[in-house]
Structures are given as C-alpha cells and as structure tokens.
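Below is one structure, written out as structure tokens; the observations come after it.
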Protein chains: 2
Amino acid sequence: MSVDQEKTSPRRQARGERRIAQLLEAAANVFCTTGYTASSTNAIAREAGVSPGTLYQFFPNKEAIAIELGDRLIHQMRETTGEALAAVDPSTPLEEAIGTLVDRFTAFSCQHPVFFALMHGPDIPGRLTEEHDALHAHLLGQVEALIAAFLPGAPAADVTRTAHLCLGLYKAGLELVLSHEGSERDAYVRELKNVLIRYLEPLLTEYRATADLTTTRTP
Amino acid sequence: MSVDQEKTSPRRQARGERRIAQLLEAAANVFCTTGYTASSTNAIAREAGVSPGTLYQFFPNKEAIAIELGDRLIHQMRETTGEALAAVDPSTPLEEAIGTLVDRFTAFSCQHPVFFALMHGPDIPGRLTEEHDALHAHLLGQVEALIAAFLPGAPAADVTRTAHLCLGLYKAGLELVLSHEGSERDAYVRELKNVLIRYLEPLLTEYRATADLTTTRTP
DNA sequence: GCGAAACGCGAGCGATCTCTCGTGTTTGCC
DNA sequence: GGCAAACACGAGAGATCGCTCGCGTTTCGC
C-alpha cells in the first residue's frame, strides 16, 4: 500500500512536485479566463514559465491536466460540503441552517473561481463530466437526506425534486454572487438565502399542519 | 430603402434561401450537441449534406453562422417575451401573472433548445455575446418595470437586484425543466412557479403593509 | 436559347494545436 | 566525484480546422 502511491509514475523529486503545483495553478488561471477547449497547452506552459516539453514530463496530455485539477477541487468540495451538511441539526430553525450552508458553500466557490468555470462549461473532457456528475449526485443525496430529515414521511419523488431545485437555485444565486463584489455581493448572498428559505418554509409548515392533523386524529 | 436588403450581398435565388435555412438548421443541431467552438464548419456542411465550399458561398466565416442563427433566435425571443410581459396586468394576482409568464417563456425555450446552448456557453463569439447581453439587459429592464409596477416606490437598487434574481432563478429552473420530460417536466414547471411566487409574494405584502402604514399616518 | 450570375463541388493551403524526441542540465545516492 | 534518473528545453512532426480557389452546373432574364 505504501509503495508507488501513483500508478506506474516515475519517482518524483521535490522539484517535480513543485512544478506540478505550479502547472496546475497556471492551468487554473488559463482555464478560468479562456475555458478548457480554447486553452492551449503551450499557453499553460507559458503561463507557468516552462517549456511545452516540461509540461508533458508531468502530464500525458491536455485532458490529464484538467482531470488532476478537477480531482483536487472536487475532493476539497466534497470535504467542505460534507462537513457543512453533516453539521446541520434538523431541530434548528430552517433560516439558521440555510444561512450557514449558503455561507460555507459560497465561501468555497469565491476562493476557487476555476471550479465553477471548469465544471459548468459545455466543453469539458468526458472523465471530468463523470466525476462532476458523481459529485452532483453525492451532493444531491446529502441534500435529499437533509430535506427528508426536516420533512420525514414526504414522498421520495418530491424530496428528489426539491433537492434538485435547491441545488439549481443555489447555482443560479452563486453565479450572481460571483459576478458582484463588496456590499452588493453580500446583498445577493442575503437574497439567495431568502429565496431558499421562502421556497422551503411553506413545505415545512404544510408538513407540520398535516402532522398535527394526524396526531389529533390518532390519539 | 427597398434596394439591397442586406449589405453588399449577391442577389439571392430561392434555392439560396433554402440552402441558408438548411445550413442554419444543420448548424443548430451541431452547435446543440457539440457546442460552438468544438463544432467544425466541415461538420456543419456534412450535416447539411453540402460541401464546405457551398457553406462559404453563403457565410463569410464560422462566426457569421452563429451570428445569423443567434440573431434570428434573439429576434423571436424578443417578440415572445415582449408580448408576454406587456400583457401582464399589475392588478392581477401575482400567482396568475407568474404562471402565464413562466408558461410562455418555457414554451419558447422547449421549442428552441439551441438557444439555451448557444447563449450560455462560455465559448460563443464576441458579437453574439454582445447581442445576448443586450437581450438580457432589455429583458432585465422589462422585468424591472414590471416589478416596479407591482411595488411602486421601492428603491431602484432593490428592484434591479430582484429582477436579476428572477431571471437567474428562471434560468436555473429552465435548465431543470429542459432536462426532464412528460409529467416530471410539468412538475418542475410548477415548482419553478412556486419558487418565484414565494420569493416575490413577501415583498408584495411587505410593501402593502408599509403603504397602509403610510396612509394611516397621513390622513 | 443564350449569356450572365448564382450555385455547388472538393482538393488543398496556411495556420494552429497537441504531443514527441533528441539533447543538455540538475539532483539524489554511493 | 561519479553515475543514473529525474528534470528541462524547444524545434518540429502529425493532425485538424477554417477557409480558398478553380472549375463545372443550374437558374434567371431577355
């Protein structure tokens, strides 16, 4: 298990690891401004201050650069969202739960703008699409579980649809948040929270009404 | 005014007009599945069943194909949205107004899936970006006017932000609507309406409360 | 029916992009 | 110090794409 941490890769020196990090950072910048397809490997190498040959010393092809970059971002995203979602207590008010979730999620996206650019472009390589779909499915499952915790007994199809809506609405809000700065950005974060709260609140009160009805009916 | 309806274009025969329509339809298909940048002009010509040379008989370059296609779609979109938004009466219930607007907008997008693909890709040509931005600004202005009609006296910055949110939320919902079919699609349309209604309703009641307060204060 | 112009073809030019290769340099280990 | 391996270079091979050009075909006005 400890031998060869990567599949059939040459033994890396510290210098190589630094180059890889340097190349990935350059790739993030280039992808962010140009998009995946339109970005050339020569441009990435130039941005990193190395020759095209050096780039291919560490990555077999262009797709592998995006894959590695995406893998690292997805891994960080999974950790961030996992921690944030697991920390939610269904007995707390909905407003508070959504507030902290949106704050943590937006903080991550603001720190890694390339994540949004890479994952939502129409021209990303197939492998990354699969991994992003997996992340999205994972996230969807967690949100579904959370919604089910707030609304126990709701039909599965409705829970799934609501979870899809929540993620979609968050993405739309995030786009607006990322395209503004300073106090205006904060205002959009506030509005995004309002959207989610107002969309979900009625479901909660509706559920409680029917639950009360059931308990009074069966004493 | 009646002479040369296009700038310095050769006199078109009926056959040429048919070829143009045929090429634009082929381009719509190819753009829809491959995206703009990744689509090759040879692929478009092949899809249309003509030679690359024939394609360049009618379009000076690849960008012009996307421009012409985008222009026609944007024109149709402007007409559709213009009619729909102008027909809204601020005295009707919010629920009804949003219901008809969402229905009309989604109907258009379902009929022209390439519109969504062309306008929201990160790799579209500059000219189209400008026109899409113009369309978006136009749409934003109309939505702002509508919101201002429902909420007279609200601060301009808030109205603008709310309009941005509405368009963004609609876009997010549309994506979910387009990715489903049949009854599930209908369910997402219903939920999209709910999102918008629940987001906007509190603004309305809040405004009315302050308006009542003002009127009682100044008899 | 005849001439001009619009239409149609497809090989291929030039530019660009990904990726390779031969060679030279630096690093880790004895 | 010396050797093997990792690192670095950059010219260019090979492939693709946008677009052109020369020539043959169809259509229109007269």
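Values in this document were obtained by computation on a predicted structure and should not be read as measured data. Throughout, protein chains are lettered first and strands after them, A, B, ... in sequence-line order, and every chain is numbered starting at 1.
One atom, CZ of R12(A), and another, P of dA6(D), lie 9 Å apart when rounded to the nearest Å. If you take NZ of K62(B) and P of dG18(D), they are 4 Å apart, rounded to a whole angstrom. Here dC7(D) presents its P atom at 12 Å from CZ of F59(A), a figure rounded to the nearest Å. Atom pair E17(A):CD and dT26(C):P shows a separation of 21 Å (rounding to whole Å applied). Across the protein-nucleic acid pair, R18(A) atom CZ and dT27(C) atom C1' stand 11 Å apart, rounded to whole Å. Here dC19(D) presents its C1' atom at 10 Å from CG of L55(B), a figure rounded to the nearest Å. F58(B) places its CZ atom 13 Å from the C1' atom of dA5(C), with the value rounded to the nearest Å. Going from atom CD of Q57(A) over to atom P of dT26(C) covers 15 Å, rounded to whole Å.
Among the protein residues, G16(B) comes within range of the sugar-phosphate backbone only, with heavy atoms under 4.0 Å from sugar or phosphate atoms but none that close to a base. In this structure, N42(B) reaches the bases: a heavy-atom distance under 4.0 Å links it to at least one base atom across the strands shown. Nucleic acid contact class of S39(B) (heavy atoms, under 4.0 Å, all strands): sugar-phosphate only.
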Stepwise side chain to side chain contact (heavy atoms under 4.5 Å, CB included) check, L176(A) with L192(A): CA-CA 9 Å; L176(A) 287 169; L192(A) 171 55; over 6 Å; no
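The residues E184(A) and R161(B) are annotated as salt-bridged, a charged nitrogen and a carboxylate oxygen being separated by less than 4.0 angstrom. Between E175(A) and K171(A), no side-chain nitrogen of the basic residue sits less than 4.0 Å from a carboxylate oxygen of the acidic one, so the salt-bridge criterion is not met.
Within the 4.0 Å cut-off from OP1 or OP2 of dC9(D), at least one side-chain nitrogen or oxygen of S51(A) is found. OP1 or OP2 of dG8(C) has at least one side-chain nitrogen or oxygen of R19(B) nearer than 4.0 Å. Under 4.0 angstrom from either OP1 or OP2 of dC19(C) there lies at least one side-chain N or O belonging to Y56(A).
No more than 12 heavy atoms of other residues, nucleotides or ligands shown are found within 6.0 angstrom of CD on E95(A).
Take K62(A) and apply the side chain to side chain donor-acceptor pair (under 3.5 Å) test, not counting sequence neighbours, and it matches no residue.
For Q13(B) and A14(A), each mapped to the nucleotide of DNA chain D holding its nearest heavy atom, the one lying further toward the 5' end belongs to A14(A). Closest-nucleotide positions on DNA chain C for G49(B) and T41(A) were compared, and the one nearer the 5' end corresponds to G49(B).
Distance from the side chain of R11(B) is smallest for dA6(C) among the nucleotides dG10(C), dC19(D), dA6(C). In the set dA8(D), dC19(D), dG8(C), the nucleotide with an atom closest to the side chain of P52(B) is dC19(D). You'll find that the side chain of S40(A) is closest to dT18(C), out of dC9(C), dC9(D), dT18(C).
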